[in-house]
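Just so it is clear, the structure is predicted and the values come from calculations on it, not from any experiment.
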Amino acid sequence: MIKFFLMVNKQGQTRLSRYYEHVEINKRTMLEAEVIKNCLSRSKDQCSFIEYKDFKLVYRQYAALFVVVGIDQTENEMAVYELIHNFVEVLDKYFSRVIMFNLDRVHIILDEMVLNGCIVETNRNRILTPLFVLDKVAES
């Protein structure tokens, strides 16, 4: 099961966070700082899977953006690694350039892909259909 999903820039600032189990706000800040420090300190030659406390971290770097997913011991690391790539491809397909001003849309995309910590959809067209509908309604 996925415990959390983070998007972080190279400066260590969290741009998006979604938690699938309850974590208090002050603990989230500490957790994110430790997780980000662990991922940013690794070289590109090192593995993208990290054992961390009672869960695993799976991350990928895209230019200046890191996508970090915390998972429990039962989740398949490679499936989550591919989920991250699929998520970024969906973002790339929907947004032409800047995504940080459209975080509501990013949350919708993530919600279409992951529900209660479980991967529920990977088909790009089915993920983007609700957004295209919203865009049509907004245009009218």
Value rounded to 0.5 Å, distance of CZ in Arg28 from OG in Ser17: 6.5 Å
Check: Glu24 and His22 side chains under 4.5 Å, non-hydrogen atoms: yes
Side chain to side chain, Asp72 and Glu21, heavy atoms closer than 4.5 Å: no
With Leu83, the side chain to side chain contact (heavy atoms under 4.5 Å, CB included) member among Val58, Ile2, Asn76, Val88: Ile2
From Phe55 atom CZ to Glu75 atom CD, the distance as rounded to the nearest 0.5 Å: 14.0 Å
Ile84 with Val106, same ILVMFWY side-chain cluster at under 4.5 Å: yes
Parallel, tilted or perpendicular: rings of Phe132 and Tyr94 (30°, 60°): tilted
Chi angles and distances behind the side-chain contact (heavy atoms from CB on, under 4.5 Å) call for Tyr52, Asn38: CA-CA 9 Å; Tyr52 179 77; Asn38 276 334; 3.2 Å; yes
Option passing ring pair (Phe, Tyr, Trp, His ring centres under 6.0 Å) with Phe5 (candidates Tyr19, Tyr20, Phe87): Phe87
Pair Ser43, Asp45: side-chain N/O donor-acceptor within cut-off below 3.5 Å: no
ILVMFWY network linking Met1 to Leu6, side-chain heavy atoms under 4.5 angstrom: no
Listed partners of Glu139 passing side chain to side chain contact (heavy atoms under 4.5 Å, CB included), at least two apart: none
Where Gln13 and Asn9 come nearest, the two heavy atoms and their spacing: OE1-ND2, 2.7 Å
For Ile50 against Cys39, the heavy-atom pair lying closest together: CD1-SG, 4.1 Å
Residues Ile36, Thr14; criterion side-chain contact (heavy atoms from CB on, under 4.5 Å); working and verdict: CA-CA 9 Å; Ile36 291 165; Thr14 302; 3.5 Å; yes
Tyr81-Val8 co-clustered via ILVMFWY side chain contacts under 4.5 Å: no
Lys56 vs Lys3, side-chain contact (heavy atoms from CB on, under 4.5 Å): CA-CA, chis, key distance, verdict: CA-CA 10 Å; Lys56 301 175 199 171; Lys3 293 178 173 254; over 6 Å; no
From Thr122 atom OG1 to Glu89 atom CD, the distance as rounded to the nearest 0.5 Å: 11.0 Å
Pairwise side-chain contact, Asn125 with Lys93, heavy-atom cut-off 4.5 Å (strictly under): yes
Any donor-acceptor pair under 3.5 Å from Arg42 side chain to Ser48 backbone: no
Gln61 side chain vs Ala63 backbone, donor-acceptor pair below 3.5 Å: yes
Joint hydrophobic cluster, Leu31 plus Tyr59, side-chain heavy atoms closer than 4.5 Å: yes
CA sep, side-chain torsions, deciding dist, call: Asp135, Arg105, salt bridge (Lys or Arg N to Asp or Glu O under 4.0 Å): CA-CA 10 Å; Asp135 292 344; Arg105 303 292 187 186; 3.4 Å; yes
Approximate separation, where rounding is to 0.5 Å, of Ile108 CD1 and Ile127 CD1: 13.0 Å
Interatomic spacing from CG in Leu16 to CG in Leu103 - rounded to 0.5 Å: 6.0 Å
Point-to-point distance, once rounded to the nearest 0.5 Å, from CZ of Arg15 to CG of Leu65: 9.5 Å
Side-chain donor-acceptor pairs under 3.5 Å in residues 111-119, sequence neighbours left out?
| from | atom 1 | to | atom 2 | distance (Å) |
| --- | --- | --- | --- | --- |
| Asp111 | OD1 | Arg18 | NE | 3.4 |
| Asp111 | OD1 | Arg18 | NH2 | 3.0 |
| Asp111 | OD2 | Arg18 | NH2 | 3.2 |

Side-chain heavy-atom pair Phe49, Val80 within 4.5 angstrom cut-off: no
Heavy-atom pair with the smallest gap, counting every atom of Leu57 and Gly70: CD2-CA, 4.2 Å
Verify same cluster id: Leu134, Ile109 (apolar side-chain graph, 4.5 Å): yes
